[in-house]
*Asks:* 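Below are the structure tokens for one structure; questions will follow.
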Amino acid sequence: SGNLQKQEKSNILVTVRVRPLNSKEKQFLEPENESNFPEIDSTYNNNSFGKKIINVIDRNILVFDPLNSNNKELFRIPSHNNRRNKDIRYAFDHVFDENCTQQEVFENTTKFLIDDVLNGYNATVFAYGATGCGKTYTITGTAEDPGIIPRTMNELFKKIEEYKDNKIIESSLSYLEVYNETIRDLLAPDTKTLTPLNLREDSNGVIVSGLSEHHPNNVDDVIKLLIKGNNNRTKAATEANKVSSRSHAVLQLQIKQKEREANITTDYTSAVLSIIDLAGSERASVSKNQGERLVEGANINRSLLALGNCINALCTNSFHIPYRDSKLTRLLKFSLGGNCKVVMITNVSPSSLHYEETHNTLKYANRAKNI
Ligand code: ADP
Ligand code: MG
């Protein structure tokens, strides 16, 4: 017919998770003399004086820098002095407040993707946000309160059991990092030599040559693998936090399944669920206008920038999706567009200590949402 086929609109869900104030944030603005601050706003956490600049209204709406907190005088952030509150209302597919449990986050961001992946559709979940805002807590979690990856595996193990009479389900897991545009296997058998790995594309998709594959049998195995992998994330002796925050950790779960009764020649249905703990977004500048390409600044993380541009291009139904601009986006080429479901979890701190950072993060998330 000669009609150009329009790229299918991307299936992106944008969520925000607000973590609790940490102890530093709670103490930072504590007044020397309480009587100076007669109006203790109910938005204060645990009777502390840490000013919160995010007000979660409901499951879908939050207000950044709300007006109605009667405590402007408590601000001691120089850049915010004498400024009016921005009072910006944002709507997202889901907003998780500080009391949300790991299970609630899992159920509303990832659990429903497992069936899609079993049906042959790739899916991607990523945590975006500045360092210290809860990305690793959300994606990996702790042994006491596991995050998305262990909960996903737990769910998958349950499904395998549930369907075992009718279906053969096989899964394998890999865990890599993209650091400085270099790919390394976080679960390499010999971690002393974290050799850079090459990416190539073939008819089956994108392949990372030499990446190890793992077959954990239970959630404890999964947690052990994650701990091992996270310990292998790039850290330098100095500024360990800054450096490690520039690495993207990508877990890929390949799930293959076919009916037990199927003909011997029937192929497996196969798809990949990617769960990504992104590098800290603090260096990524956000363009002011929607639809504008993010501009590269000093030291900016190329893969993070490219991911933003790809999401943006997919959301605007662009013809050209710039997958080739970075290692991360090349890796995710078949996991972002088309029929793939993509879930973004935007992690933010509620504290005024991170005012600009949080504002930028919300703008970025909103851009992904609104276009
Ligand atoms: P990031 O990976 O974005 O740099 P982390 O996940 O390491 O941030 O979180 C920073 C700190 O805050 C960690 O000590 C983490 O345990 C804690 N934290 C983050 N989110 C939560 C949460 N929702 N509930 C409790 N503690 C959290
Ligand atoms: Mg982290």
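Start at 1 and go down the list; that is how both ligands and their atoms are numbered.
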*Asks:* Any atoms of ligand 1 less than 4.0 Å from a non-hydrogen atom of Ala130? List them with their elements.
*Replies:*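 In order of number, 3 (O).
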
*Asks:* Taking distance alone, with N or O pairs closer than 3.5 Å, would you say Thr136 contacts ligand 1?
*Replies:*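 Right, the criterion is met.
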
*Asks:* Does a side-chain heavy-atom distance below 4.5 Å link Lys52 with Leu21?
*Replies:*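 Heavy-atom side-chain distance check passes, below 4.5 Å.
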
*Asks:* Under a 4.0 Å threshold between the charged nitrogen and the carboxylate oxygen, would Glu161 count as salt-bridged to Lys158?
*Replies:*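 Looking at Lys158 and Glu161, the cut-off is not met.
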
*Asks:* I'd like to check which ligand 1 atoms, numbered from 1 as shown, lie under 4.0 Å from a non-hydrogen atom of Thr131.
*Replies:*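 Those atoms are 4 (O).
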
*Asks:* Within less than 2.8 Å of the Mg ion (ligand 2), any N, O or S from Ser245?
*Replies:*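 Short answer: no, not a single N, O or S atom is under the cut-off.
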
*Asks:* Report the C-alpha separation of Phe334 and Cys340 in whole Å, then their side-chain angles, then the decisive distance to 0.1 Å, and conclude whether the side chain to side chain contact (heavy atoms under 4.5 Å, CB included) test is met.
*Replies:* CA-CA 8 Å; Phe334 301 106; Cys340 304; 5.8 Å; no

*Asks:* Any nitrogen or oxygen of Gly134, main chain or side chain, under 3.5 Å from a nitrogen or oxygen of ligand 1?
*Replies:*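 Yes.
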
*Asks:* Look at atom 12 (O) of ligand 1 and find which of Arg19, Glu282, Glu98 reaches it with the closest heavy atom.
*Replies:*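 Of the listed residues, Arg19 has the closest heavy atom.
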
*Asks:* Indicate the atoms forming the closest heavy-atom contact of Ser303 with His248, along with that distance.
*Replies:*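 Distance-wise, the nearest heavy atoms are CB-NE2, 3.5 Å.
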
*Asks:* If we only count N/O pairs under 3.5 Å, is Asp277 in contact with ligand 1?
*Replies:*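 No, Asp277 has no N/O under 3.5 Å of an N/O on ligand 1.
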
*Asks:* In terms of atom number and element, which parts of ligand 1 are under 4.0 angstrom from non-hydrogen atoms of Arg17?
*Replies:*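 Atoms satisfying the 4.0 Å criterion: 23 (N).
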
*Asks:* Is any NZ, NE, NH1 or NH2 atom of the basic residue among Arg184 and Glu177 found under 4.0 Å from an Asp or Glu carboxylate oxygen of the other?
*Replies:*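 Glu177 and Arg184: salt-bridged.
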
*Asks:* Which residues pass the side-chain contact (heavy atoms from CB on, under 4.5 Å) test with Val95, sequence neighbours left out?
*Replies:*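 Checked Val95 against side-chain contact (heavy atoms from CB on, under 4.5 Å); matches are Val56, Leu62, Phe92.
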
*Asks:* State, with a plain yes or no, whether a side-chain heavy atom of Pro146 is found less than 4.5 Å away from one of Gln102.
*Replies:*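 With C-beta onward as the side chain, the pair stays apart.
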
*Asks:* Below 4.0 Å from ligand 1: does a non-hydrogen atom of Gly132 turn up there or not?
*Replies:*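 Contact check Gly132 vs ligand 1: positive.
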
